[in-house]
Chemist: 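Quick one: this structure, given as structure tokens, is what I'll be asking you about.
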Amino acid sequence: MDKEFLARSADLVAPDLLGYTLVRKIGGVEYRGLIVETEAYTADDPACHGYRRKTPRNQAIFGKPGSVYVYLIYGMYHCLNIVTDVEDVCSAVLIRALALDKIPAWVTLGKKEKPDRVAAGPGKLCRALQIDRQLDGIMLKPGAGLWLEPASDRLKPAEIYQTTRIGITQGAEIPWRWYIKEHPAVSKK
DNA sequence: GTCCGGATCACT
DNA sequence: GTGATCCGGACA
């Protein structure tokens, strides 16, 4: 895919990633998820993990555009970020929700859980697609374990809703969360 | 060295 | 509102 697309600041890339497809290949099977919700984190953003300095945990967020940053949160969930902007600048797009084309066999639906919501949330989508710290720092590559496919049709601005990010205290007022309006797989309205 | 709280989620 | 459960980073 176009290298320049991801070599921009995360707040520009995040809305553009809506409608893209994230592909995860496990055991020769490709699982496709339409990206329906994203958040942006940048170098001058206090909520960004790389805001203070580079550490072993967060070094991947300083990587090349098109690589990924995966971290453990609350001791039990992983979150997937697409690294953007140039190398050594911390900038990434958190993938918050996907609409999967099929439910992997290892996913067990909750009692009242709808199938179209098994990847509705950053922790849930990593669990559904077996994304963990083993993938931290890898490059997206078609045909490998994880990659992106461009949207077939560009979404109209009227189909996208922009609002504030979820679950943070620092920089909570910055409106850097985007989702596809009326989509059932969005994590929260 | 210790301890707090987090880019979460499911259940009450 | 709370518990599960880890660990980076501030020092409360």
Side-chain angles (χ1 to χ4, degrees), chain A residues 6 9-18 20 22 24 33 35-63 65 67-85 89-100 103-104 106-138 146 148 161-180 183-189:
Chain A
L6 291 176
S9 183
D11 59 304
L12 299 176
V13 177
D16 286 354
L17 276 176
L18 295 177
Y20 269 55
L22 182 77
R24 175 80 169 116
I35 297 174
V36 300
E37 182 180 355
T38 58
E39 285 180 1
Y41 292 86
T42 65
D44 51 5
D45 163 17
C48 181
H49 286 179
Y51 180 66
R52 295 173 187 282
R53 64 183 162 283
K54 190 187 286 190
T55 69
R57 178 212 191 199
N58 68 22
Q59 63 169 337
I61 202 176
F62 293 84
S67 60
V68 302
Y69 167 50
V70 182
Y71 65 92
L72 178 67
I73 188 68
Y74 301 120
M76 45 198 347
Y77 292 100
H78 293 273
C79 290
L80 171 68
N81 295 261
I82 307 298
V83 177
T84 74
D85 215 323
V89 172
C90 61
S91 180
V93 176
L94 171 69
I95 307 300
R96 283 197 54 92
L98 299 172
L100 296 181
I103 313 287
W106 54 84
V107 173
T108 51
L109 281 179
K111 206 173 177 184
K112 285 173 39 181
E113 188 175 24
K114 295 183 179 171
D116 58 4
R117 293 193 57 80
V118 298
K124 295 177 75 177
L125 73 88
C126 285
R127 190 180 51 189
L129 296 180
Q130 297 188 345
I131 292 166
D132 60 29
R133 291 221 82 189
Q134 290 185 356
L135 298 185
D136 187 46
I138 66 161
L146 190 68
L148 286 171
Y161 189 77
Q162 179 176 8
T163 183
T164 50
R165 297 173 293 181
I166 300 273
I168 55 172
T169 50
Q170 310 254 47
E173 74 290 348
I174 304 174
W176 278 358
R177 173 174 172 246
W178 294 265
Y179 62 80
I180 298 178
H183 201 291
V186 169
S187 69
K188 288 187 175 180
K189 290 286 176 184

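So that the names make sense, note that chain A is the first sequence line, chain B the second, and so on, each numbered from 1. Both backbone and side-chain heavy atoms feed into the values below; hydrogens, waters and symmetry mates do not.
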Chemist: Ignoring backbone atoms, test whether A/Ser187 places a side-chain nitrogen or oxygen under 4.0 Å from the OP1 or OP2 oxygen of B/dT8.
Modeler: no
Chemist: Hey, is the side chain of A/His49 poking within less than 4.0 Å of OP1 or OP2 on B/dA7, counting only N and O atoms?
Modeler: yes
Chemist: Rounded to whole Å, please give me the gap between OH in A/Tyr71 and C1' in C/dC7.
Modeler: 14 Å
Chemist: I want to verify a distance call: between B/dA10, C/dG8, B/dA7, whose nearest atom is closest to the A/Ile168 side chain?
Modeler: B/dA7
Chemist: Can you label the angle between the A/Tyr179 ring and the A/Tyr161 ring as parallel, tilted or perpendicular, going by 30° and 60°?
Modeler: tilted
Chemist: Only pairs with both distances under 3.5 Å count, Watson-Crick or wobble alike; so what is the partner of B/dG1 in this structure?
Modeler: C/dC11
Chemist: Taking atom P in both C/dA10 and B/dA7, what distance in whole Å separates the two?
Modeler: 13 Å
Chemist: Return the nearest nucleotide to the side chain of A/Glu113; candidates are B/dA10, C/dT5, B/dC9.
Modeler: B/dA10
Chemist: Of A/Arg127 and A/Tyr41, whose nearest nucleotide on DNA chain B comes first from the 5' end?
Modeler: A/Tyr41
Chemist: Which value, in whole Å, describes the distance between the C1' atoms of nucleotides B/dG5 and C/dA12?
Modeler: 11 Å
Chemist: Tell me the interatomic distance from A/Lys114, atom NZ, to B/dC9, atom C1', rounded to whole angstroms.
Modeler: 18 Å
Chemist: Check the phosphate of B/dG6 against A/Thr169, side-chain N and O only, distance under 4.0 Å to OP1 or OP2. Yes or no?
Modeler: yes
Chemist: Just by distance, do the side chain of A/Asn81 and the backbone of A/Tyr69 share a donor-acceptor pair under 3.5 Å?
Modeler: yes
Chemist: Just call it for A/Ile166: base, sugar-phosphate, or nothing, with non-hydrogen atoms closer than 4.0 Å on any strand.
Modeler: sugar-phosphate
Chemist: Does A/Arg52 put a side-chain nitrogen or oxygen below 4.0 Å from OP1 or OP2 of C/dA10?
Modeler: yes
Chemist: Can you measure A/Met76 atom CE to B/dG6 atom P for me and round it to whole angstrom units?
Modeler: 17 Å
Chemist: Checking all strands, does A/Arg165 fall into the base, sugar-phosphate, or nothing category for heavy-atom contacts under 4.0 angstrom?
Modeler: nothing
Chemist: Between A/Ser91 and A/Ser9, is any side-chain donor less than 3.5 angstrom from a side-chain acceptor?
Modeler: no
Chemist: Under 3.5 Å, side chain of A/Arg133 to main-chain N/O of A/Arg57, donor-acceptor pair present?
Modeler: yes
Chemist: Looking at A/Arg53, I'd like to know whether one of its side-chain N or O atoms comes within less than 4.0 Å of OP1 or OP2 on C/dA10.
Modeler: yes
Chemist: What integer distance in Å separates A/Asp45:CG from B/dG6:C1'?
Modeler: 15 Å
Chemist: Are OP1 or OP2 of B/dT8 and a side-chain N or O of A/Arg96 less than 4.0 angstrom apart?
Modeler: yes
Chemist: Between A/Lys124 and B/dA10, does any side-chain N or O lie under 4.0 Å from OP1 or OP2?
Modeler: yes
Chemist: Provide the distance between the two P atoms, one in C/dT5 and one in B/dT2, to the nearest whole Å.
Modeler: 23 Å
Chemist: Could you tell me how far apart A/Leu80 (CG) and B/dT8 (C1') are, to the nearest whole angstrom?
Modeler: 15 Å
Chemist: What I want to check is whether an N or O donor and acceptor connect the side chain of A/Tyr74 with the base of C/dA4 at under 3.5 Å.
Modeler: no
Chemist: Taking atom NZ as the centre, does A/Lys114 end up with more than 12 heavy-atom neighbours from other residues, nucleotides or ligands that are less than 6.0 angstrom away?
Modeler: no
Chemist: Which nucleotide, B/dA7, C/dG8, B/dT8, lies nearest any side-chain atom of A/Asn81?
Modeler: B/dA7
Chemist: Whole Å only: how far is the CD1 atom of A/Ile82 from the P atom of B/dA7?
Modeler: 19 Å
Chemist: Going by purine N1 to pyrimidine N3 plus the second Watson-Crick contact, or the G-U wobble pair, all under 3.5 Å, which nucleotide sits opposite C/dT5?
Modeler: none
Chemist: So with a 6.0 Å cut-off around CD of A/Gln134, is the heavy-atom count from everything else above 12?
Modeler: no
Chemist: Which one of A/Arg117, A/Arg177, A/Lys189 satisfies the salt bridge (Lys or Arg N to Asp or Glu O under 4.0 Å) criterion with A/Glu37?
Modeler: A/Arg177
Chemist: Between B/dC9, C/dT5, C/dC7, which nucleotide gets closest to the side-chain atoms of A/Leu72?
Modeler: C/dC7
Chemist: Mapping A/Asn58 and A/Gly75 to their closest nucleotides on DNA chain C, which lands nearer the 5' end?
Modeler: A/Gly75
Chemist: What's the CD1-C1' distance between A/Ile73 and C/dG9, to the nearest Å?
Modeler: 13 Å
Chemist: Grab the NE2-P distance between A/His78 and C/dC6 for me, whole Å please.
Modeler: 11 Å
